[in-house]
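The next block holds one structure in the form of structure tokens; read it before the comments.
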Amino acid sequence: MKERLILILTWLTAATAPVLAQQQVMFTQYMHNEAMINPAYAGSQETGSATVLYRNQWMGMEGAPVTYSFNIHAPVQNRKMGIGLSVLKDQTGITDNFNLYGLYAYSIPVNAHSHVQLGLQAGLDNFNIDLGRLRPKNPGDDNFTDGTFSSFRLNFGTGAYYFTEKFYAGISLPKLMNHKVLYNEETSLKQSRHLFITSGYVFDLSDDIKLKPSVLYKYAEAAPMQLDVTTQFIFKEILWTGLAWRSFDSVDLLLGLQAGKQLHIGYAYDFATTPLGDYHTGSHEILLNYRLRFSSKRVLTPRFF
């Protein structure tokens with residue numbers, strides 16, 4: 001019975017997720033992976049930055065989402081612009097999604113301590129279905145015959161990002177085009193726009209302790225809005241720890257370690273708050289961020305977002 005339920009959930013996830021418009025991958029550590037959802041973030045740091053993230057969602061459930069993301073970006077032209085690249089691979093059940101985007105941001109100084117950046121991205125989305133991954137009890141069922149389907153689509157995104165030394169706020173539409181892809185004679189898959197709004201602030205509680213609350217709001221057409229609220233404590237600019245709440249989904253534990261001036265290591269564990277949690281053991285997320293130091297003479301200042 002359990003295997004049958006898992007098979008049904010896997011099939012429904014693959015078949016209905018594009019229709020319901022929840023196609024944009026979620027990140028619990030979004031505050032350390034902003035370039036994946038907002039191209040205007042590119043080049044906002046004083047140095048280059050490379051981030052790798054691995055997310056294993058709903059551990060123990062067959063066909064559950066597994067996500068890999070990578071982005072690299074850097075300021076150019078004396079920090080007047082930023083350029084970068086983002087790559088994402090997401091596998092859910094019988095579906096694979098692969099995204100490759102180039103990032104560009106233009107920086108406008110507001111004053112000596114704050115900037116507004118306007119960003120654009122352009123790239124390719126690949127959507128793939130592989131029915132060969134299914135293991136039906138009746139191998140002769142015509143509804144589960146082997147076969148693959150793959151589609152490539154060009155897309156564009158835009159965003160804006162404002163930041164100071166202790167505050168940031170961003171808004172973005174990572175994918176502007178709503179592509180409709182015909183899968184078979186009866187089923188069509190449609191991409192939908194996602195709106196992201198993010199913000200955060202760093203409070204100095206003492207010389208050694210900082211408090212960093214942050215928030216992410218996500219809206220997709222024909223889907224419930226999603227709100228992430230996160231609170232993190234930073235001890236001596238080395239150890240990070242905090243909790244997060246995701247509406248209609250989970251409560252999350254976050255841990256981080258600043259291993260030197262260039263390397264940040266992050267981990268998150270999501271505790272499900274929905275009935276789906278009866279069928280899995282939570283979600284794990286691991287993040288590595290490395291600041292690219294192009295000159296040995298440059299002094300790296302701490303970065304909290």
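Counting begins at 1 with the first residue of the sequence.
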Tell me, with the steps shown, if Val215 and Leu227 meet side chain to side chain contact (heavy atoms under 4.5 Å, CB included).
CA-CA 7 Å; Val215 62; Leu227 183 67; 3.6 Å; yes
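- Within a 6.0 Å sphere centred on CG of Asn78, other residues, nucleotides and ligands contribute 12 heavy atoms or fewer.
- A distance of 15.0 Å separates OH of Tyr267 from CG of Leu257, quoted to the nearest 0.5 Å.
- Exactly one of Thr28, Thr230, Thr273 qualifies for a side-chain hydrogen bond (donor to acceptor under 3.5 Å, both in side chains) with Arg246. That residue is Thr28.
- A distance-only check finds no donor-acceptor pair linking the side chain of Thr47 to the backbone of Arg291 [under 3.5 Å].
- Between the side chains of Ser150 and Asn126, at least one donor-acceptor pair of N or O atoms lies under 3.5 Å.
- In Phe152, the CZ atom is not crowded: 12 or fewer heavy atoms of neighbouring residues, nucleotides or ligands sit closer than 6.0 Å.
- Taking the side chain as every heavy atom from C-beta outward, Leu292 and Ile72 approach each other to under 4.5 Å.
- Looking at heavy atoms from C-beta onward, Ile171 lies in side-chain contact with Leu195 at the 4.5 angstrom threshold.
- Using a 4.5 Å cut-off between side-chain heavy atoms of Ile, Leu, Val, Met, Phe, Trp and Tyr, with links allowed through other members, Val116 and Leu173 fall into different hydrophobic clusters.
- The CG atom of Asn128 sits 9.5 Å away from the CD1 atom of Ile94 when rounded to the nearest 0.5 Å.
- One N or O on the side chain of Gln258 and one on the backbone of Gly260 form a donor-acceptor pair closer than 3.5 Å.
- Residue Thr92 comes nearest to Thr95 through the heavy atom pair O-OG1, 2.7 Å, listed as atom of the first residue, atom of the second, then distance.
- You'll find the side chain of His115 reaches within 4.5 Å of the side chain of Pro109, heavy atoms only.
- Shown here for Gly123 and Leu154, the closest heavy-atom pair between the two residues is O-CD1, 3.2 Å.
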Chi angles and distances behind the side chain to side chain contact (heavy atoms under 4.5 Å, CB included) call for Glu237, Phe304
CA-CA 9 Å; Glu237 300 179 354; Phe304 305 108; 4.0 Å; yes
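- Aromatic ring orientation, His194 versus Phe196: parallel (interplanar angle below 30°, classes split at 30° and 60°).
- Among all heavy-atom pairs drawn from Ala64 and Gln57, the shortest one is CB-O, 3.1 Å.
- A donor-acceptor pair under 3.5 Å links the side-chain atoms of Ser199 to the main chain of Tyr168, judged by distance alone.
- With rounding to the nearest 0.5 angstrom, the CG atom of Leu276 is 5.0 Å from the CH2 atom of Trp58.
- Atom-to-atom distance recorded for Asn289:CG and Leu53:CG is 11.0 Å, nearest 0.5 angstrom.
- Remark: Glu165 CD is loosely packed, at most 12 non-hydrogen atoms of other residues, nucleotides or ligands lying under 6.0 Å away.
- Put simply, Val202 and Leu239 are part of two different groups of oily side chains (I, L, V, M, F, W, Y) that touch within less than 4.5 Å, one to the next.
- Remark: side-chain polar atoms of Ser206 are paired, donor with acceptor, to backbone N or O of Asp208 under 3.5 angstrom.
- Two residues are said to be in side-chain contact when any heavy atoms from C-beta on lie closer than 4.5 Å; Ser69 and Phe27 meet this criterion.
- Side-chain contact between Leu216 and Lys218 is present, with heavy atoms from C-beta onward closer than 4.5 Å.
- When every heavy atom of Phe305 is checked against every heavy atom of Thr164, the shortest pair comes out as CZ-O, 3.3 Å.
- With Leu243 as the fixed residue, the side chain to side chain contact (heavy atoms under 4.5 Å, CB included) test singles out one of Val229, Leu253, Leu254, Thr231: Leu253.
- Atom CG of Asp249 is separated from atom CD of Gln226 by 6.5 Å, given to the nearest 0.5 angstrom.
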Ring pair (Phe, Tyr, Trp, His ring centres under 6.0 Å) evaluation trace for Phe70 with Tyr68
CA-CA 7 Å; Phe70 169 77; Tyr68 306 86; over 10 Å; no
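- Of the possible polar contacts, none joining the Thr67 side chain to the Lys89 backbone as a donor-acceptor pair under 3.5 Å is found.
- Between His32 and Trp240, the ring-plane angle classifies as perpendicular under the 30° and 60° cut-offs.
- At least one side-chain heavy atom of Asn178 sits less than 4.5 Å from a side-chain heavy atom of Arg193.
- Proximity of a side-chain donor or acceptor of Gln45 to a complementary backbone N or O of Arg303 within less than 3.5 Å is not detected.
- Classification of the Tyr41-Tyr161 ring pair by plane angle, with boundaries at 30° and 60°, yields perpendicular.
- We find the CZ-CG distance between Phe127 and Asp90 to be 10.5 Å, quoted to the nearest 0.5 Å.
- Heavy atoms from other residues, nucleotides or ligands lying under 6.0 Å from CG of Asp207 number 12 at most.
- When hydrophobic clusters are built by joining Ile, Leu, Val, Met, Phe, Trp and Tyr residues whose side-chain heavy atoms come closer than 4.5 Å, directly or via intermediates, Phe167 is grouped together with Val110.
- Contact annotation: the side chain of Lys175 approaches that of Asn99 to within less than 4.5 Å [non-hydrogen atoms, C-beta and beyond].
- Remark: aromatic rings of Phe271 and Tyr269 are close, center separation under 6.0 Å.
- Two residues are said to be in side-chain contact when any heavy atoms from C-beta on lie closer than 4.5 Å; Phe156 and Met177 meet this criterion.
- Taking both residues in full, the closest heavy atoms of Ala105 and Gln117 are given as CB-NE2, 3.7 Å, listed atom of the first, atom of the second, then distance.
- Neither side chain, Ser86 nor Gln121, offers a donor N or O lying under 3.5 Å from an acceptor on the other.
- Taken together through direct or relayed side-chain contacts under 4.5 Å among Ile, Leu, Val, Met, Phe, Trp and Tyr, Val52 and Tyr54 form parts of separate hydrophobic clusters.
- Ile83 and Leu85 fall into different hydrophobic clusters, where Ile, Leu, Val, Met, Phe, Trp and Tyr side chains are chained together by heavy-atom contacts under 4.5 Å.
- With hydrogens and angles ignored, the 3.5 Å screen pairs no side-chain donor or acceptor of Glu285 with any backbone N or O of Arg55.
- Looking at Asn33 and Asn71, their side chains do bring a donor and an acceptor atom within 3.5 Å of each other.
- Of all heavy-atom pairs between Leu103 and Pro39, the closest is CD2-CB, 4.2 Å.
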